[in-house]
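A short write-up of the structure that comes next.
All chains are named by letter (A, B, ...) in the order of the sequence lines, taking the proteins before the strands, and each is independently numbered beginning at 1. The structure displayed is predicted, hence computed values, not measured ones.
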Amino acid sequence: MANYSTRGSMALIAADTVLSVIAATTVRPKVFDILISSPSTPNDYSAHFFLQRFSADGTGSAVTPQPLDFNERAAVATSKHTYTAEPTLTANEILLDMAMNQRATVRWVAVPGRELVIPALAGDGLSLLCNAVSTQFTAAATIFFEE
Amino acid sequence: MGVYENAQSLRRPSGAIIVDGIQVADTAQCVHCNGHFTMIRGSGAVRGWCPSCGGMICGPKCAVCVPFEKKLDMWENGQLKR
């Protein structure tokens, strides 16, 4: 088991994925920490995020997850941000619901053993999805996972 | 933060939501879907308890007892459609 981080940012649009973690047939990635902040000029804007399962990946810019310990092997799971074609989200499988004010940094962290597990299926994953945004601003997200 | 103003703290939380370095809410984990949720007093959200699994469930959609570990195996074996 090794830990990895992946990051991405985008100008928020409702129903668009900010960042994803995608499993492979040989690993069950376990998400244990999520950080969302904004590099935009501070304003009282708000955004609402879901962490939702998907069963088929879409088209986006690939991000290479980085091991937290550089002696570890490269991650088998992959990651994407700035999707041009959204993943196929699974209805009713929203695993986390978080709201943020643009001026604040929001973090969710799991107690060890209580991570969000992605099944070992090719193309299956978790999407950090912007469900709603009051006025567009850029959000930067980091997801930490174990595999 | 307003949205977490009435969040209930839990005796054995499964996670936490932290805003600007301050913990504003505990999260509980559903034993059937693996999802985390906050318990907000007065939200009207219906939560539950699975006596077979001995853990909380996030709502009526997870009322049928299929432990998450079993669900994972079923997804991976193709016995349950994703």
Proximity breakdown for A:Glu93 and chain B, heavy-atom pairs closer than 4.5 Å: side chain
Residue selection (most heavy-atom pairs with chain B, distance under 4.5 Å) from A:Asn92, A:Ile118, A:Leu96, A:Leu116: A:Leu116
Interface residues of residues 71-80 of chain B facing chain A - non-hydrogen atoms under 4.5 Å apart: B:Leu72, B:Asp73, B:Trp75, B:Glu76
Chain B-proximal positions within residues 27-45 of chain A [heavy-atom distance under 4.5 Å]: A:Arg28
Verify same cluster id: A:Leu126, A:Ile22 (apolar side-chain graph, 4.5 Å): no
ILVMFWY cluster, A:Val133 and A:Val106 together (side-chain gap under 4.5 Å): yes
Which of B:Pro13, B:Gly21, B:Ala16, B:Gly15 touches chain A most, by non-hydrogen pairs under 4.5 Å: B:Ala16
N/O donor to acceptor pairs below 3.5 angstrom from side-chain atoms of residues 47-54 of chain A, sequence neighbours left out:
residue : atom : partner  : partner atom : Å
A:His48 : ND1  : A:Asn131 : ND2          : 3.0
A:His48 : NE2  : A:Asp97  : OD1          : 2.6
A:Gln52 : NE2  : A:Thr90  : O            : 3.0
A:Arg53 : NH1  : A:Val117 : O            : 2.8
A:Arg53 : NH2  : A:Val117 : O            : 3.0

Greater than 12 external heavy atoms within 6.0 Å of A:Arg73's CZ: yes
Proximity breakdown for B:Ser14 and chain A, heavy-atom pairs closer than 4.5 Å: both
Closest heavy-atom pair and its distance - B:Ile17, A:Met98: CD1-CG, 4.1 Å
Pick from B:Gln23, B:Lys61, B:Gln29 with the largest number of heavy-atom pairs that fall under 4.5 Å of chain A: B:Gln29
Apart from A:Val109 itself, residues in the same hydrophobic cluster as defined by side-chain heavy atoms under 4.5 Å: B:Ile18
Contact summary for A:Ala104 and B:Val19, nearest pair of heavy atoms: CB-CG1, 3.7 Å
Side-chain touch A:Leu95/B:His36, heavy atoms, less than 4.5 angstrom: no
